[in-house]
Each structure stands twice: as C-alpha cells, then as structure tokens.
Enquirer: 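My questions will all concern the structure given below.
These numbers were taken from a predicted model, which means no experiment stands behind them.
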Amino acid sequence: MYKSYVAKPLEIEREWVIVDAADQVLGRVAARVADILRGKHKPGYTPNVDCGDFVIVINADKIRVTGRKAEQKLYRHHTGYPGHLKTTVYKDLHAKHPDRVIEKAVWGMIKHNRLNHRLIRHLHVFAGSEHPHTAQMPKLLSFDQFPLAKATA
C-alpha cells in the first residue's frame with residue numbers, strides 16, 4: 001500500500017538561494033523564482049504548506065525585456081479615490097525602482113491564496129550585486145540547474 005507524503009511546517013528545511021538577474025529575461029526569471037518560493041523544486045512539495053526557500057535576486061537593474069515591452073508594458077495602481085488610476089510605463093519604473101519590477105512580476109506568478117503574503121516575504125530583490133544576507137550562506141543558483149518544465153506535445 002502506498003502512502004502520500006504531506007509536508008508539515010515544522011519538518012521543512014529552508015535554504016537561501018541567490019539568483020543573478022543580469023542579462024536575463026524578466027518573465028523567465030520571475031517564473032523560476034516563483035517556483036522556488038513555492039517549493040515546487042523539492043520532492044516533498046505540498047500545495048497548502050509553505051515549503052519554499054528564501055530567494056535573493058541580485059542585479060535587478062540589469063534585467064531585460066523582449067520586444068517593445070519597455071515602451072508598452074504598463075503598471076497600474078488605483079489609489080481608491082474616484083478617477084485616480086495611476087499608470088507607469090516599464091521604462092520609468094525600471095529607471096526609478098528596478099527591484100519593484102521583479103517583485104511585481106513574481107507577485108503576479110504566485111498563486112493568490114492564503115499563502116501568497118507569506119511567500120512574497122521570502123523574496124529579497126536588490127538592484128546591485130551587493131546584499132546584506134551573507135550570514136545566511138546562500139547558494140548561487142544558475143538557470144541550468146533549475147530549468148523550466150518543457151512542454152510535451
């Protein structure tokens with residue numbers, strides 16, 4: 001008889017991972033980071049338990065987008081007052097706050113349920129190559145080690 005494994009919150013071992021976003025495409029980085037935050041790369045993945053790792057994204061200012069997204073991609077925010085829909089173009093947001101671009105992309109790829117606020121707190125994005133988390137001894141993760149799942153036709 002087979003038994004399914006269900007991860008319990010006290011049994012989860014978390015790691016710290018560094019992702020270098022220099023010269024990488026925004027959507028591909030965000031998809032991989034979202035999977036690591038959820039814990040989908042671990043064999044004991046359980047959908048209703050926070051079993052992911054902590055992720056540090058460095059060089060957010062060197063990330064790129066394809067096509068004409070730099071001029072056409074819009075970020076919208078409503079203040080709550082009538083007629084106060086604020087719109088920002090990717091190019092302007094990336095120039096002022098490159099870390100927010102990755103945070104918003106990862107937020108859009110995380111499942112929106114009760115775990116999402118806890119998962120997004122495990123994401124740390126920095127514009128440069130320096131970060132204050134050296135005491136956690138993070139491992140550098142290359143995209144060859146954690147490829148996206150290939151579609152089978």
Side-chain angles (χ1 to χ4, degrees), residues 1-21 24-61 63-66 69 73-90 92-94 96-128 131-152:
M1 183 156 193
Y2 297 105
K3 293 191 177 188
S4 298
Y5 174 75
V6 178
K8 295 170 189 62
L10 297 177
E11 297 175 352
I12 296 169
E13 295 179 12
R14 300 189 195 285
E15 296 178 352
W16 284 75
V17 177
I18 294 181
V19 175
D20 189 6
Q24 299 290 330
V25 180
L26 173 64
R28 294 180 187 274
V29 170
R32 289 183 176 109
V33 168
D35 283 347
I36 295 169
L37 287 174
R38 290 280 320 267
K40 287 190 168 188
H41 63 291
K42 294 183 177 183
Y45 167 70
T46 305
N48 62 335
V49 178
D50 177 15
C51 54
D53 294 335
F54 291 90
V55 179
I56 302 167
V57 179
I58 58 174
N59 294 323
D61 55 347
I63 201 158
R64 64 184 178 92
V65 290
T66 58
K69 290 186 190 82
K73 185 169 179 58
L74 300 176
Y75 294 95
R76 294 182 177 96
H77 169 72
H78 200 281
T79 63
Y81 290 97
H84 284 254
L85 179 67
K86 305 296 182 183
T87 305
T88 307
V89 181
Y90 169 83
D92 298 336
L93 185 63
H94 186 262
K96 288 183 183 179
H97 305 284
D99 53 337
R100 290 187 194 169
V101 172
I102 295 179
E103 288 172 359
K104 287 179 180 286
V106 172
W107 176 258
M109 293 189 183
I110 289 179
K111 223 174 164 175
H112 296 291
N113 55 17
R114 293 180 183 185
L115 288 177
N116 62 356
H117 289 285
R118 194 176 324 156
L119 293 175
I120 205 70
R121 286 190 317 214
H122 296 172
L123 175 66
H124 305 277
V125 184
F126 300 98
H131 62 86
H133 300 287
T134 53
Q136 282 75 23
M137 295 181 290
K139 296 187 301 186
L140 183 63
L141 181 75
S142 67
F143 290 120
D144 299 335
Q145 294 173 343
F146 187 66
L148 285 174
K150 304 216 181 211
T152 57

Enquirer: The test is side chain to side chain contact (heavy atoms under 4.5 Å, CB included); show your working for K139 and E15 and say whether it passes.
Expert: CA-CA 8 Å; K139 296 187 301 186; E15 296 178 352; 3.0 Å; yes

Enquirer: Quick one: does R76's side chain get under 4.5 Å of T88's, heavy atoms only?
Expert: no

Enquirer: What's the separation between atom CH2 in W16 and atom CG in L140, rounded to the nearest 0.5 Å?
Expert: 15.5 Å

Enquirer: Taking the side chain as every heavy atom from C-beta outward, state whether N116 and W107 have any pair of such atoms under 4.5 Å apart.
Expert: yes

Enquirer: Using the rule side-chain contact (heavy atoms from CB on, under 4.5 Å), only one of V25, V101, L26 pairs with V65; which is it?
Expert: L26

Enquirer: Checking K42 against D53 for the side chain to side chain contact (heavy atoms under 4.5 Å, CB included) test, could you report, in this order, the C-alpha distance in whole Å, the side-chain angles of both residues, the deciding distance, and whether it holds?
Expert: CA-CA 10 Å; K42 294 183 177 183; D53 294 335; 2.8 Å; yes

Enquirer: Give a yes or no on this: more than 12 heavy atoms of other residues, nucleotides or ligands lie within 6.0 Å of atom OH of Y81.
Expert: no

Enquirer: Looking at the rings of H131 and H124, which for Trp means the six-membered one, are their centres under 6.0 Å apart?
Expert: no

Enquirer: Taking the six-membered ring of Y75 as reference, does the NZ or CZ atom of K73 fall below 6.0 Å from its centre and within a 45° cone about the axis?
Expert: yes

Enquirer: Check whether any side-chain heavy atom of F126 sits under 4.5 Å from a side-chain heavy atom of D99, and report yes or no.
Expert: no

Enquirer: What's the verdict on side chain to side chain contact (heavy atoms under 4.5 Å, CB included) for V17 and F54, showing C-alpha distance, side-chain angles and the deciding distance?
Expert: CA-CA 6 Å; V17 177; F54 291 90; over 6 Å; no

Enquirer: Compare all side-chain heavy atoms of I63 with those of V29 and state whether any distance is below 4.5 angstrom.
Expert: yes

Enquirer: How long is the gap from CG on L37 to CG on L115, to the nearest 0.5 Å?
Expert: 11.5 Å

Enquirer: Mind listing the closest non-hydrogen atom pair of A21 and I102 along with its distance?
Expert: CB-CD1, 4.3 Å

Enquirer: Do the non-hydrogen side-chain atoms of T46 and N48 ever get within less than 4.5 Å of each other?
Expert: yes

Enquirer: Is I36 close to L141 at the side-chain level, that is, under 4.5 Å between some pair of heavy atoms?
Expert: yes

Enquirer: Can you confirm whether L123 sits close enough to V57 that some side-chain heavy atom of one is under 4.5 Å from a side-chain heavy atom of the other?
Expert: yes

Enquirer: Measure across G80 and H78 and return the closest heavy-atom pair with its distance rounded to 0.1 Å.
Expert: N-ND1, 2.9 Å

Enquirer: Name the residue from R114, R14, K111, R38 that meets the salt bridge (charged side-chain N to carboxylate O under 4.0 Å, His left out) definition with D50.
Expert: R14

Enquirer: How about NE2 on H133, more than 12 heavy atoms from neighbouring residues, nucleotides or ligands closer than 6.0 Å, or not?
Expert: yes

Enquirer: With rounding to the nearest 0.5 Å, note down the distance linking NZ in K40 to SG in C51.
Expert: 10.5 Å

Enquirer: Set out, in order, the CA-CA distance, both residues' side-chain angles and the distance that settles side chain to side chain contact (heavy atoms under 4.5 Å, CB included) for K86 and T79, then state yes or no.
Expert: CA-CA 8 Å; K86 305 296 182 183; T79 63; 4.0 Å; yes

Enquirer: Compare all side-chain heavy atoms of V55 with those of V19 and state whether any distance is below 4.5 angstrom.
Expert: yes

Enquirer: What are the two closest non-hydrogen atoms of V49 and A7, and how far apart are they?
Expert: CG2-O, 3.4 Å

Enquirer: What distance do T66 atom OG1 and R28 atom CZ have between them, rounded to the nearest 0.5 Å?
Expert: 8.5 Å

